[in-house]
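Scope of the values below: all heavy atoms of this structure, side chains included, with no hydrogens, waters or symmetry mates. As the structure is a prediction and not an experimental result, all values here were calculated from the model.
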Amino acid sequence: MARRRRAVERATSRQVLTDRIVVGVLIVVAASGLMSVLPAYGQVALSRVACQVVSLGLGGCGAPGIELENAQLSPARCSTLADLDAVLPEVRVEHVVTAKGMPVTISQARSGDVVVDLGPEDRSAMPDLLAGETRSQRTLLDGVSVPARAEWLLPRGQGLDQLVTATYDGHQQWVERRSALALIGSSVLGTAQQIPQPTVLFSRVRLDGQRLPRLIDQPGGPTTATDRPEPRGPRAPSDELVLDATVPAVVMVNTITGEAATSATVRGTVGGTPVSGSLRLTRSSDGAITGILLAVVSDGRLVPGEPNVSLSGPGVAYIAVPVRTESERQLVSDWVTDRDGLRIPLDELLGLREPGTDDRLAAFLTRAATVTVLRYGAVSTGDVTSRVGSELVNLRRQDWVGVRMMAAGTVAPQPSGGKRTLVDDPSCRT
(Lines give C-alpha, C1' and ligand atoms only; values in the text may rest on other atoms or scores of the structure.)
Protein backbone atom coordinates (compact mmCIF):
# COMPACT_ATOMS: atom_id res chain seq x y z
CA MET A 1 0.00 0.00 0.00
CA ALA A 2 2.84 2.37 0.90
CA ARG A 3 4.65 1.48 -2.30
CA ARG A 4 1.54 2.24 -4.35
CA ARG A 5 1.14 5.63 -2.52
CA ARG A 6 4.77 6.59 -3.25
CA ALA A 7 4.27 5.82 -6.95
CA VAL A 8 1.19 8.05 -7.04
CA GLU A 9 3.13 10.86 -5.28
CA ARG A 10 5.99 10.59 -7.77
CA ALA A 11 3.57 10.72 -10.69
CA THR A 12 1.86 13.73 -9.15
CA SER A 13 5.21 15.48 -8.62
CA ARG A 14 6.19 14.86 -12.26
CA GLN A 15 2.84 16.20 -13.41
CA VAL A 16 3.24 19.32 -11.27
CA LEU A 17 6.76 19.87 -12.61
CA THR A 18 5.54 19.41 -16.18
CA ASP A 19 2.71 21.84 -15.58
CA ARG A 20 5.11 24.43 -14.18
CA ILE A 21 7.42 24.05 -17.17
CA VAL A 22 4.48 24.49 -19.56
CA VAL A 23 3.28 27.55 -17.64
CA GLY A 24 6.80 28.99 -17.66
CA VAL A 25 7.09 28.49 -21.43
CA LEU A 26 3.71 30.11 -21.95
CA ILE A 27 4.77 33.09 -19.82
CA VAL A 28 7.97 33.47 -21.84
CA VAL A 29 6.03 33.28 -25.13
CA ALA A 30 3.48 35.79 -23.86
CA ALA A 31 6.23 38.13 -22.70
CA SER A 32 7.96 37.84 -26.08
CA GLY A 33 4.71 38.64 -27.86
CA LEU A 34 4.14 41.61 -25.57
CA MET A 35 7.65 42.91 -26.22
CA SER A 36 7.16 42.63 -29.97
CA VAL A 37 4.10 44.89 -29.97
CA LEU A 38 5.49 47.46 -27.55
CA PRO A 39 7.20 50.58 -28.96
CA ALA A 40 10.96 50.84 -28.63
CA TYR A 41 10.87 52.92 -25.45
CA GLY A 42 8.38 50.44 -23.88
CA GLN A 43 10.70 47.53 -24.61
CA VAL A 44 13.58 49.44 -23.02
CA ALA A 45 11.53 50.17 -19.87
CA LEU A 46 10.43 46.52 -19.48
CA SER A 47 13.96 45.24 -20.02
CA ARG A 48 15.21 47.65 -17.37
CA VAL A 49 12.74 46.28 -14.78
CA ALA A 50 13.74 42.69 -15.56
CA CYS A 51 17.41 43.63 -15.33
CA GLN A 52 16.97 45.18 -11.90
CA VAL A 53 15.13 42.09 -10.62
CA VAL A 54 17.61 39.45 -11.79
CA SER A 55 20.68 41.51 -10.84
CA LEU A 56 19.37 42.24 -7.32
CA GLY A 57 19.48 45.95 -8.11
CA LEU A 58 23.27 45.92 -8.62
CA GLY A 59 23.33 45.98 -12.40
CA GLY A 60 23.82 49.25 -14.27
CA CYS A 61 20.50 48.74 -16.02
CA GLY A 62 19.70 51.13 -18.82
CA ALA A 63 17.10 53.78 -18.14
CA PRO A 64 14.27 54.27 -20.63
CA GLY A 65 15.45 55.61 -23.96
CA ILE A 66 14.73 58.98 -25.49
CA GLU A 67 11.41 59.26 -27.27
CA LEU A 68 11.74 61.61 -30.23
CA GLU A 69 8.92 64.06 -30.56
CA ASN A 70 6.56 63.28 -33.42
CA ALA A 71 6.00 66.97 -34.16
CA GLN A 72 8.31 68.04 -36.97
CA LEU A 73 9.43 71.55 -37.77
CA SER A 74 6.71 73.77 -39.10
CA PRO A 75 7.05 74.91 -42.72
CA ALA A 76 9.42 77.78 -43.39
CA ARG A 77 7.75 81.12 -42.84
CA CYS A 78 8.69 82.43 -46.30
CA SER A 79 9.73 81.12 -49.70
CA THR A 80 13.27 82.50 -49.40
CA LEU A 81 13.98 80.42 -46.30
CA ALA A 82 12.23 77.42 -47.84
CA ASP A 83 14.56 77.56 -50.86
CA LEU A 84 17.60 77.98 -48.59
CA ASP A 85 16.42 74.91 -46.66
CA ALA A 86 17.20 72.78 -49.73
CA VAL A 87 20.94 73.51 -49.55
CA LEU A 88 21.35 74.36 -45.84
CA PRO A 89 18.63 72.51 -43.89
CA GLU A 90 17.09 74.19 -40.89
CA VAL A 91 17.04 72.04 -37.74
CA ARG A 92 15.52 72.12 -34.29
CA VAL A 93 18.17 71.38 -31.68
CA GLU A 94 17.28 69.74 -28.38
CA HIS A 95 19.78 69.21 -25.56
CA VAL A 96 18.84 66.28 -23.33
CA VAL A 97 20.57 64.80 -20.28
CA THR A 98 19.70 61.14 -19.65
CA ALA A 99 19.06 59.61 -16.22
CA LYS A 100 22.71 58.55 -16.09
CA GLY A 101 23.88 62.11 -16.72
CA MET A 102 24.91 61.62 -20.35
CA PRO A 103 24.35 64.70 -22.56
CA VAL A 104 22.63 64.04 -25.89
CA THR A 105 22.26 66.69 -28.60
CA ILE A 106 19.48 65.97 -31.10
CA SER A 107 19.20 67.99 -34.32
CA GLN A 108 16.01 67.25 -36.23
CA ALA A 109 15.57 68.55 -39.77
CA ARG A 110 12.31 69.41 -41.47
CA SER A 111 12.62 66.18 -43.48
CA GLY A 112 12.53 64.17 -40.25
CA ASP A 113 16.20 63.14 -40.42
CA VAL A 114 18.05 63.39 -37.12
CA VAL A 115 21.70 63.97 -36.27
CA VAL A 116 22.77 62.85 -32.79
CA ASP A 117 25.86 63.91 -30.87
CA LEU A 118 26.57 61.93 -27.69
CA GLY A 119 28.43 63.38 -24.74
CA PRO A 120 29.63 66.93 -24.05
CA GLU A 121 30.48 69.13 -27.00
CA ASP A 122 34.22 69.25 -27.71
CA ARG A 123 35.21 71.12 -30.85
CA SER A 124 38.90 70.95 -30.00
CA ALA A 125 39.03 67.17 -30.35
CA MET A 126 39.24 67.09 -34.16
CA PRO A 127 42.49 65.32 -35.18
CA ASP A 128 44.81 66.39 -37.97
CA LEU A 129 44.94 63.02 -39.72
CA LEU A 130 47.33 64.21 -42.45
CA ALA A 131 49.80 65.21 -39.73
CA GLY A 132 49.67 61.70 -38.27
CA GLU A 133 47.39 62.45 -35.34
CA THR A 134 44.99 59.72 -34.24
CA ARG A 135 41.37 60.15 -33.30
CA SER A 136 40.96 60.22 -29.53
CA GLN A 137 38.15 58.59 -27.56
CA ARG A 138 35.47 60.48 -25.67
CA THR A 139 34.06 58.94 -22.49
CA LEU A 140 30.26 58.95 -22.28
CA LEU A 141 29.72 56.78 -19.18
CA ASP A 142 32.03 54.66 -17.07
CA GLY A 143 33.26 51.91 -19.36
CA VAL A 144 31.78 53.48 -22.53
CA SER A 145 33.69 55.62 -25.02
CA VAL A 146 33.19 56.68 -28.64
CA PRO A 147 35.41 58.41 -31.23
CA ALA A 148 35.87 62.11 -30.60
CA ARG A 149 34.12 64.64 -32.84
CA ALA A 150 31.72 62.17 -34.40
CA GLU A 151 27.97 62.16 -34.99
CA TRP A 152 25.25 59.69 -35.91
CA LEU A 153 22.92 60.42 -38.83
CA LEU A 154 19.58 58.66 -38.28
CA PRO A 155 17.21 58.78 -41.30
CA ARG A 156 13.75 59.75 -40.08
CA GLY A 157 15.05 59.44 -36.51
CA GLN A 158 15.03 55.64 -36.59
CA GLY A 159 17.37 54.03 -34.05
CA LEU A 160 17.65 56.84 -31.50
CA ASP A 161 16.42 54.70 -28.59
CA GLN A 162 18.68 51.84 -29.63
CA LEU A 163 21.70 54.17 -29.78
CA VAL A 164 21.13 55.47 -26.25
CA THR A 165 20.31 52.00 -24.93
CA ALA A 166 23.53 50.61 -26.40
CA THR A 167 25.55 53.09 -24.35
CA TYR A 168 23.68 51.97 -21.23
CA ASP A 169 24.31 48.31 -22.08
CA GLY A 170 28.03 49.01 -22.29
CA HIS A 171 27.90 50.77 -18.93
CA GLN A 172 25.91 47.85 -17.47
CA GLN A 173 28.54 45.36 -18.55
CA TRP A 174 31.22 47.53 -16.96
CA VAL A 175 29.28 47.53 -13.65
CA GLU A 176 28.54 43.80 -13.72
CA ARG A 177 32.19 42.92 -14.22
CA ARG A 178 32.80 44.58 -10.85
CA SER A 179 29.96 42.85 -8.97
CA ALA A 180 29.68 39.08 -8.58
CA LEU A 181 26.02 39.36 -7.56
CA ALA A 182 25.11 41.17 -10.79
CA LEU A 183 26.68 38.68 -13.22
CA ILE A 184 23.36 36.90 -13.62
CA GLY A 185 21.98 39.98 -15.39
CA SER A 186 23.99 39.47 -18.57
CA SER A 187 23.37 35.73 -18.70
CA VAL A 188 19.60 36.12 -18.35
CA LEU A 189 19.02 39.20 -20.50
CA GLY A 190 21.36 38.11 -23.28
CA THR A 191 24.13 39.93 -25.15
CA ALA A 192 24.26 43.70 -24.76
CA GLN A 193 23.72 45.91 -27.78
CA GLN A 194 26.85 47.29 -29.40
CA ILE A 195 27.13 51.02 -30.08
CA PRO A 196 26.95 51.48 -33.86
CA GLN A 197 29.88 53.13 -35.56
CA PRO A 198 29.46 56.90 -36.12
CA THR A 199 28.24 57.88 -39.56
CA VAL A 200 29.80 61.37 -39.64
CA LEU A 201 33.44 61.99 -38.71
CA PHE A 202 35.22 65.34 -38.47
CA SER A 203 38.91 66.15 -38.73
CA ARG A 204 41.00 69.23 -39.43
CA VAL A 205 43.77 70.05 -41.84
CA ARG A 206 46.23 72.93 -41.96
CA LEU A 207 46.16 75.12 -45.03
CA ASP A 208 49.60 76.70 -44.63
CA GLY A 209 51.41 73.69 -46.10
CA GLN A 210 51.44 71.57 -49.24
CA ARG A 211 49.32 68.70 -47.88
CA LEU A 212 45.99 69.65 -49.48
CA PRO A 213 46.85 69.93 -53.20
CA ARG A 214 43.25 69.81 -54.42
CA LEU A 215 42.41 73.00 -52.54
CA ILE A 216 45.65 74.98 -52.48
CA ASP A 217 48.12 74.05 -55.19
CA GLN A 218 48.20 71.55 -57.96
CA PRO A 219 51.00 68.98 -57.48
CA GLY A 220 53.76 68.95 -60.03
CA GLY A 221 57.50 69.04 -60.57
CA PRO A 222 59.73 72.10 -60.89
CA THR A 223 58.41 74.75 -63.24
CA THR A 224 60.48 75.12 -66.41
CA ALA A 225 60.68 77.92 -68.89
CA THR A 226 58.38 76.10 -71.27
CA ASP A 227 55.54 75.41 -68.81
CA ARG A 228 55.78 78.59 -66.72
CA PRO A 229 52.43 80.42 -66.89
CA GLU A 230 52.29 83.68 -68.76
CA PRO A 231 52.50 86.72 -66.48
CA ARG A 232 49.04 88.12 -65.89
CA GLY A 233 50.12 91.66 -65.16
CA PRO A 234 48.53 93.82 -62.49
CA ARG A 235 45.02 92.81 -61.47
CA ALA A 236 42.22 95.26 -62.04
CA PRO A 237 40.51 96.43 -58.85
CA SER A 238 37.80 93.92 -58.07
CA ASP A 239 36.09 92.20 -55.19
CA GLU A 240 37.21 88.68 -54.42
CA LEU A 241 37.76 86.19 -51.60
CA VAL A 242 40.84 84.10 -50.80
CA LEU A 243 41.47 81.30 -48.33
CA ASP A 244 42.67 82.25 -44.88
CA ALA A 245 45.60 79.85 -44.52
CA THR A 246 46.07 80.70 -40.85
CA VAL A 247 42.80 78.93 -39.91
CA PRO A 248 42.73 75.12 -40.32
CA ALA A 249 40.01 73.71 -42.54
CA VAL A 250 37.47 71.17 -41.26
CA VAL A 251 36.90 67.95 -43.21
CA MET A 252 33.63 66.07 -42.77
CA VAL A 253 33.26 62.48 -44.04
CA ASN A 254 29.97 60.60 -44.32
CA THR A 255 30.85 56.94 -43.79
CA ILE A 256 27.56 55.78 -45.33
CA THR A 257 27.70 57.61 -48.67
CA GLY A 258 31.45 58.17 -48.84
CA GLU A 259 30.92 61.90 -49.45
CA ALA A 260 33.42 64.38 -48.05
CA ALA A 261 33.23 68.12 -47.53
CA THR A 262 35.99 70.61 -46.75
CA SER A 263 35.05 73.86 -44.99
CA ALA A 264 37.56 76.70 -44.87
CA THR A 265 37.63 80.35 -43.77
CA VAL A 266 37.76 82.99 -46.50
CA ARG A 267 38.45 86.72 -46.41
CA GLY A 268 38.28 89.51 -48.96
CA THR A 269 36.38 92.64 -49.91
CA VAL A 270 32.90 93.54 -51.10
CA GLY A 271 32.46 97.07 -52.37
CA GLY A 272 35.86 97.90 -50.91
CA THR A 273 34.74 96.82 -47.41
CA PRO A 274 36.64 93.96 -45.72
CA VAL A 275 34.48 90.86 -45.30
CA SER A 276 34.90 87.31 -44.05
CA GLY A 277 33.04 84.07 -44.42
CA SER A 278 33.28 80.35 -45.05
CA LEU A 279 33.57 78.08 -48.08
CA ARG A 280 32.31 74.48 -48.23
CA LEU A 281 33.51 72.25 -51.06
CA THR A 282 31.69 68.91 -51.40
CA ARG A 283 33.04 65.83 -53.17
CA SER A 284 31.40 62.51 -54.01
CA SER A 285 32.80 59.13 -53.00
CA ASP A 286 34.91 59.04 -56.19
CA GLY A 287 36.43 62.49 -55.51
CA ALA A 288 34.38 64.48 -58.01
CA ILE A 289 33.29 67.97 -56.96
CA THR A 290 29.50 68.06 -56.60
CA GLY A 291 28.79 71.44 -55.10
CA ILE A 292 30.05 74.68 -53.57
CA LEU A 293 28.43 76.57 -50.72
CA LEU A 294 29.81 79.99 -49.82
CA ALA A 295 28.74 82.35 -47.04
CA VAL A 296 29.91 85.98 -46.89
CA VAL A 297 29.28 88.23 -43.87
CA SER A 298 29.43 92.02 -44.03
CA ASP A 299 28.16 95.15 -42.27
CA GLY A 300 27.73 96.92 -45.58
CA ARG A 301 25.81 96.29 -48.75
CA LEU A 302 26.32 92.80 -50.14
CA VAL A 303 24.19 92.89 -53.30
CA PRO A 304 22.96 95.88 -55.30
CA GLY A 305 19.31 96.54 -54.58
CA GLU A 306 19.29 95.67 -50.88
CA PRO A 307 16.64 97.74 -49.09
CA ASN A 308 17.41 99.85 -46.00
CA VAL A 309 20.92 98.53 -45.54
CA SER A 310 21.95 101.58 -43.51
CA LEU A 311 19.18 100.87 -40.97
CA SER A 312 19.97 97.19 -40.53
CA GLY A 313 22.68 95.10 -38.89
CA PRO A 314 25.14 92.67 -40.44
CA GLY A 315 24.07 90.53 -43.35
CA VAL A 316 25.09 87.18 -44.75
CA ALA A 317 24.98 86.10 -48.39
CA TYR A 318 24.68 82.35 -48.97
CA ILE A 319 25.90 81.37 -52.44
CA ALA A 320 25.00 77.85 -53.57
CA VAL A 321 26.61 76.51 -56.75
CA PRO A 322 25.65 72.96 -57.81
CA VAL A 323 28.15 71.15 -60.06
CA ARG A 324 26.33 68.61 -62.20
CA THR A 325 28.00 67.89 -65.53
CA GLU A 326 31.48 66.59 -66.30
CA SER A 327 32.47 69.83 -68.05
CA GLU A 328 31.39 71.83 -65.00
CA ARG A 329 33.41 69.56 -62.72
CA GLN A 330 36.49 70.02 -64.86
CA LEU A 331 36.03 73.80 -64.90
CA VAL A 332 35.58 73.99 -61.12
CA SER A 333 38.45 71.57 -60.51
CA ASP A 334 40.82 73.73 -62.58
CA TRP A 335 39.59 76.77 -60.65
CA VAL A 336 40.19 75.41 -57.14
CA THR A 337 43.59 73.95 -58.09
CA ASP A 338 44.95 77.15 -59.66
CA ARG A 339 48.70 77.50 -59.06
CA ASP A 340 48.20 81.04 -57.80
CA GLY A 341 45.76 79.83 -55.13
CA LEU A 342 41.99 79.73 -54.93
CA ARG A 343 40.41 83.12 -55.63
CA ILE A 344 36.65 83.55 -55.56
CA PRO A 345 35.40 86.37 -57.82
CA LEU A 346 32.57 88.41 -56.33
CA ASP A 347 31.94 90.96 -59.07
CA GLU A 348 29.66 88.48 -60.83
CA LEU A 349 28.43 86.56 -57.77
CA LEU A 350 27.49 89.51 -55.55
CA GLY A 351 28.06 92.54 -57.74
CA LEU A 352 25.66 91.09 -60.35
CA ARG A 353 28.01 92.19 -63.11
CA GLU A 354 27.54 90.49 -66.46
CA PRO A 355 30.48 88.14 -67.17
CA GLY A 356 32.93 88.74 -69.96
CA THR A 357 32.53 86.75 -73.14
CA ASP A 358 35.85 84.97 -72.60
CA ASP A 359 35.41 84.26 -68.86
CA ARG A 360 34.04 80.71 -68.66
CA LEU A 361 34.16 80.57 -64.87
CA ALA A 362 32.22 83.81 -64.40
CA ALA A 363 29.69 82.70 -66.99
CA PHE A 364 29.19 79.39 -65.21
CA LEU A 365 28.76 81.05 -61.80
CA THR A 366 26.22 83.47 -63.26
CA ARG A 367 24.19 80.63 -64.78
CA ALA A 368 24.35 78.29 -61.76
CA ALA A 369 24.70 80.27 -58.52
CA THR A 370 21.74 81.07 -56.27
CA VAL A 371 22.38 83.93 -53.84
CA THR A 372 20.30 84.27 -50.65
CA VAL A 373 20.82 87.41 -48.57
CA LEU A 374 19.65 87.56 -44.95
CA ARG A 375 20.16 90.64 -42.79
CA TYR A 376 19.79 90.72 -39.01
CA GLY A 377 19.38 93.41 -36.40
CA ALA A 378 20.73 93.88 -32.87
CA VAL A 379 23.57 91.39 -33.29
CA SER A 380 27.30 91.76 -33.82
CA THR A 381 29.16 90.88 -37.00
CA GLY A 382 31.40 88.52 -35.05
CA ASP A 383 28.41 86.54 -33.79
CA VAL A 384 27.06 86.20 -37.33
CA THR A 385 30.47 85.13 -38.67
CA SER A 386 30.89 82.49 -35.96
CA ARG A 387 27.38 81.19 -36.49
CA VAL A 388 27.78 80.98 -40.27
CA GLY A 389 31.08 79.11 -39.96
CA SER A 390 29.43 76.47 -37.75
CA GLU A 391 26.49 76.22 -40.17
CA LEU A 392 28.71 75.36 -43.13
CA VAL A 393 30.82 72.85 -41.19
CA ASN A 394 27.75 70.95 -39.92
CA LEU A 395 25.53 71.71 -42.96
CA ARG A 396 22.57 72.75 -40.82
CA ARG A 397 21.24 76.00 -39.42
CA GLN A 398 18.86 77.10 -36.69
CA ASP A 399 16.25 79.81 -36.56
CA TRP A 400 17.91 82.62 -34.62
CA VAL A 401 15.66 83.00 -31.57
CA GLY A 402 15.65 86.52 -30.14
CA VAL A 403 17.32 88.08 -33.20
CA ARG A 404 15.20 89.99 -35.65
CA MET A 405 15.50 89.34 -39.39
CA MET A 406 15.46 92.78 -40.99
CA ALA A 407 15.52 91.78 -44.66
CA ALA A 408 15.75 88.76 -46.94
CA GLY A 409 16.07 88.38 -50.68
CA THR A 410 17.19 86.05 -53.44
CA VAL A 411 19.17 86.37 -56.65
CA ALA A 412 18.09 83.52 -58.90
CA PRO A 413 20.50 81.92 -61.39
CA GLN A 414 20.08 82.85 -65.04
CA PRO A 415 20.80 79.86 -67.31
CA SER A 416 20.14 82.05 -70.34
CA GLY A 417 22.72 84.61 -69.26
CA GLY A 418 20.16 87.35 -68.63
CA LYS A 419 20.48 90.15 -66.14
CA ARG A 420 20.13 89.15 -62.49
CA THR A 421 18.39 91.18 -59.80
CA LEU A 422 17.74 90.83 -56.09
CA VAL A 423 14.12 90.00 -55.30
CA ASP A 424 13.12 91.17 -51.81
CA ASP A 425 10.89 88.91 -49.70
CA PRO A 426 9.06 91.04 -47.09
CA SER A 427 7.31 87.99 -45.60
CA CYS A 428 10.64 86.83 -44.08
CA ARG A 429 10.97 89.86 -41.81
CA THR A 430 10.23 89.40 -38.14
Side-chain angles (χ1 to χ4, degrees), residues 84-91 93 104-109 111 113-138 146-155 163 196-207 209 211-216 243-245 247-266 277-295 318-323 329 332-333 336 342 344 385-398:
L84 180 61
D85 204 42
V87 294
L88 190 61
E90 181 183 347
V91 298
V93 178
V104 180
T105 302
I106 305 171
S107 302
Q108 184 176 12
S111 63
D113 293 342
V114 171
V115 175
V116 178
D117 187 9
L118 299 179
E121 184 178 22
D122 187 6
R123 301 296 182 187
S124 62
M126 290 184 291
D128 188 346
L129 301 179
L130 294 181
E133 297 180 3
T134 58
R135 192 175 299 278
S136 60
Q137 295 290 308
R138 179 173 45 173
V146 295
R149 198 61 181 97
E151 298 176 339
W152 286 260
L153 174 61
L154 307 178
L163 177 61
Q197 292 297 319
T199 54
V200 181
L201 297 172
F202 295 87
S203 60
R204 60 185 175 90
V205 61
R206 293 174 53 186
L207 298 180
R211 296 174 299 156
L212 199 62
R214 298 301 295 173
L215 193 58
I216 299 298
L243 291 176
D244 186 350
V247 181
V250 178
V251 180
M252 185 201 77
V253 177
N254 188 318
T255 60
I256 298 178
T257 63
E259 292 182 341
T262 304
S263 301
T265 301
V266 293
S278 297
L279 169 71
R280 180 185 175 93
L281 188 68
T282 305
R283 295 180 182 272
S284 63
S285 57
D286 58 0
I289 297 175
T290 57
I292 298 171
L293 182 59
L294 176 67
Y318 297 97
I319 305 171
V321 184
V323 182
R329 293 190 187 94
V332 174
S333 179
V336 300
L342 175 60
I344 306 169
T385 303
S386 176
R387 184 183 181 90
V388 164
S390 178
E391 288 177 348
L392 264 64
V393 167
N394 299 295
L395 197 62
R396 53 182 182 265
R397 63 183 180 87
Q398 293 178 251

V332 vs V321, test: side-chain contact (heavy atoms from CB on, under 4.5 Å). Steps then yes/no. CA-CA 10 Å; V332 174; V321 184; 5.9 Å; no

Would you say T282 and L293 make side-chain contact, with heavy atoms under 4.5 Å? no

L84 vs E90 side-chain heavy atoms within contact, under 4.5 Å: no

Please report the interatomic distance OG(S284) to CD(E259), rounded to the nearest 0.5 Å. 7.0 Å

Polar side-chain atom of R138 near backbone of P120 as donor-acceptor pair, under 3.5 Å: yes

Who are the side-chain contact (heavy atoms from CB on, under 4.5 Å) partners of V253, not counting sequence neighbours? V251, A260

May I ask you to test the M252-V200 pair for a side-chain heavy-atom distance under 4.5 Å? yes

Using a strict cut-off of less than 4.0 Å between a Lys/Arg side-chain nitrogen and an Asp/Glu carboxylate oxygen, indicate whether E133 and R204 qualify as a salt bridge. yes

If every non-hydrogen atom of T199 is compared with every non-hydrogen atom of L153, which pair is closest and at what distance? OG1-N, 2.6 Å

Considering all heavy atoms, the nearest E151-V115 contact: OE1-CG1, 3.3 Å

Closest non-hydrogen atom pair, A148 against R135: O-NH1, 3.3 Å

For P198, side-chain contact (heavy atoms from CB on, under 4.5 Å) partners two or more places apart: P147, A150, W152, L201

Rounded distance (nearest 0.5 Å) linking atom OG of S278 with atom CG of L294: 8.5 Å

What heavy-atom pair brings A320 and V87 nearest, and what distance separates the two atoms? CB-CG1, 4.0 Å

Can you see which heavy atom on L207 is nearest to which on A264, and at what distance? CD1-CB, 4.0 Å

Measure the shortest side-chain to side-chain distance between T134 and P127 over non-hydrogen atoms and say whether it is less than 4.5 angstrom. no

Do the non-hydrogen side-chain atoms of I289 and L281 ever get within less than 4.5 Å of each other? yes

With sequence neighbours left out, write down each residue that passes side-chain contact (heavy atoms from CB on, under 4.5 Å) with V91, or none if nothing qualifies. V93, S107, A109, R396, Q398

R280 side-chain N/O to V393 backbone N/O, donor-acceptor pair under 3.5 Å: yes

Any side-chain heavy atom of L243 within less than 4.5 Å of one from T265? no

State, yes or no, whether a side-chain contact exists between L88 and E391 at a heavy-atom distance under 4.5 Å. yes

